[in-house]
Amino acid sequence: MNIRIATWNINSVRLRLDLLARLEKEFQPDIICLQETKVQDEFFPNDEISKLGYRHVVYSGEKSYNGVAILSKQPIRDKFEIYLCNNDKRHICAKIGDFELHNFYIPAGGDEPDIEINPKFKHKLNYLREMDEWFAKNRLKNDKVILVGDLNIAPLENDVWSSKQLKNVVSHTQVEREGLMKIINDFEFIDTGRKFVDPSTKLYSWWSYRNKDWKKHNRGRRLDHIWVSKPLKLRLNGITCPPEIRDWDRPSDHVPFMLDLKI
DNA sequence: ATGGTTGGCGCCCAA
């Protein structure tokens, strides 16, 4: 038996319910973790999502910005939220089957990679540090943990179209890359994207809206990730990150990243 | 050389 888990920055869930339906039809994820839902809880489109087969849903949203959700075909046994740095709705956790699934939306960090002049960049780095501390304090390395999300950082050289040209661009600076790798290393997470796609090969999950033809130069970045703790290592079955979804009608700038896991 | 586009909301902000 196999379970498919997707993570997707959908950039407004209400605007893209038709894309969610198409994802279910063509890829049949059992669980979908969404970021940037951009909707307050009272307006979350529960009924439409239930009709797609996701009858177990948890969400944490706010007006205009941020917002996360977990949609599941399987029962959710428990849920909770973590607030790091401030009250932004950037995390939700669901206990499904024998694992705990954490869905994060790490702050984008603004344009200027300098904490002295850009408070958004400072917030991003603080958020990373507090994530690391939370797992060290609250979870054991042999717990069954899955961490997914739009982590807004491309840690490896081939996670961006040009590591040299992006070395001072927020999402690929040294301090961000090290901050993300520290969380991976401290908790001994497995980066499933790079378990199945060799680090010598380019792998992207995001292409800017600002390039009219995203395929022409293929200037992508790998900002979306699925990590698993060590006890789940032998259950990994493969990943899917279909770039063609970037071409669907009125797309998000991110495509879903999916993991298949034995259950 | 410092663009370019999108979404939500409301006459700009964040990504």
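Order of the sequence lines sets the chain letters (A, B, ...), proteins ahead of strands, with each chain counted from 1.
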Handout entry: Between B:dT6 (P) and A:Y65 (OH): distance, integer Å
Key = 19 Å
Problem - Same-atom distance (C1') from B:dG4 to B:dA15, integer angstrom - result: 13 Å
Fill in the blank from the handout: Residue set satisfying side-chain hydrogen bond (donor to acceptor under 3.5 Å, both in side chains) with A:Y209, at least two apart, ordered chain then number -> A:N11, A:R16
Exercise for the section: May I have the distance from A:W207 (atom CH2) to B:dT6 (atom C1'), rounded to whole angstrom? Expected result: 17 Å
Problem - 5′-ward residue of the pair A:T37/A:D150 relative to DNA chain B - result: A:T37
Handout entry: Set of side-chain contact (heavy atoms from CB on, under 4.5 Å) partners for A:I263, sequence neighbours left out
Key = A:M1, A:I3, A:Q74, A:R235
Exercise for the section: Please report the shortest heavy-atom distance between A:Y204 and A:W161, naming the atom on each side. Expected result: OH-CA, 3.1 Å
Fill in the blank from the handout: Hits for side-chain contact (heavy atoms from CB on, under 4.5 Å) against A:V197, two or more places apart or cross-chain, chain-then-number order -> A:R194, A:T201, A:L203, A:I239
Exercise for the section: Grab the NE2-P distance between A:H254 and B:dG7 for me, whole Å please. Expected result: 13 Å
Which protein N or O atoms sit under 3.5 Å from an N or O of nucleotides 10-12 of chain B?
none

Considering only nitrogen or oxygen atoms on both sides, find all protein atoms under 3.5 Å from nucleotides 3-5 of chain B and state each distance.
| unit_1 | atom_1 | unit_2 | atom_2 | d |
| --- | --- | --- | --- | --- |
| B:dG4 | N1 | A:R210 | NH1 | 3.4 |
| B:dT5 | O4' | A:Y209 | O | 3.0 |

Handout entry: Gap between atoms CD and C1', on A:Q40 and B:dC9 respectively (whole Å)
Key = 12 Å
Exercise for the section: Can you tell me the distance, in whole Å, between the CH2 atom of A:W206 and the P atom of B:dA14? Expected result: 17 Å
Practice task
Check for a donor-acceptor pair, side chain of A:K144 on one end and backbone N or O of A:D98 on the other, with a separation under 3.5 Å.
Solution key: no
Practice task
Could you list the residues that satisfy side-chain hydrogen bond (donor to acceptor under 3.5 Å, both in side chains) with A:D260, not counting sequence neighbours?
Solution key: A:N2, A:R4
Problem - ring-ring contact (aromatic ring centres under 6.0 Å, His included) against A:F196, all qualifying residues, sequence neighbours excluded - result: none
Practice task
Go through residues 107-130 of chain A and report each residue with a non-hydrogen atom lying under 4.0 Å from DNA chain B, sorted by number.
Solution key: A:A108, A:K120
Problem - Residues that A:S162 engages under side-chain hydrogen bond (donor to acceptor under 3.5 Å, both in side chains), provided they are two or more places apart - result: A:Q165
Handout entry: Interatomic distance, A:K38 NZ vs B:dC9 C1' [rounded to whole Å]
Key = 11 Å
Practice task
Tell me whether the OP1 or OP2 atom of B:dG7 has a side-chain N or O from A:R16 closer than 4.0 Å.
Solution key: yes
Exercise for the section: Quote, to the nearest angstrom, the C1' distance that separates B:dA14 from B:dC9. Expected result: 12 Å
Completion exercise
Sorted by chain and number, sequence neighbours left out, ring-ring contact (aromatic ring centres under 6.0 Å, His included) with A:H91 holds for A:H102, A:F104
Problem - Interatomic distance where CD belongs to A:E36 and P belongs to B:dT6 [whole Å] - result: 15 Å
Fill in the blank from the handout: Contacts satisfying side chain to side chain donor-acceptor pair (under 3.5 Å) that involve residues 43-53 of chain A (not counting sequence neighbours) are A:N46-A:Y59
Handout entry: Pair A:R177, A:H172: side-chain N/O donor-acceptor within cut-off below 3.5 Å
Key = yes
Problem - A:Y105: partners by side-chain hydrogen bond (donor to acceptor under 3.5 Å, both in side chains), with sequence neighbours left out - result: A:E36
Completion exercise
Between CG of A:D88 and P of B:dA15 the distance, given in whole Å, is 9 Å
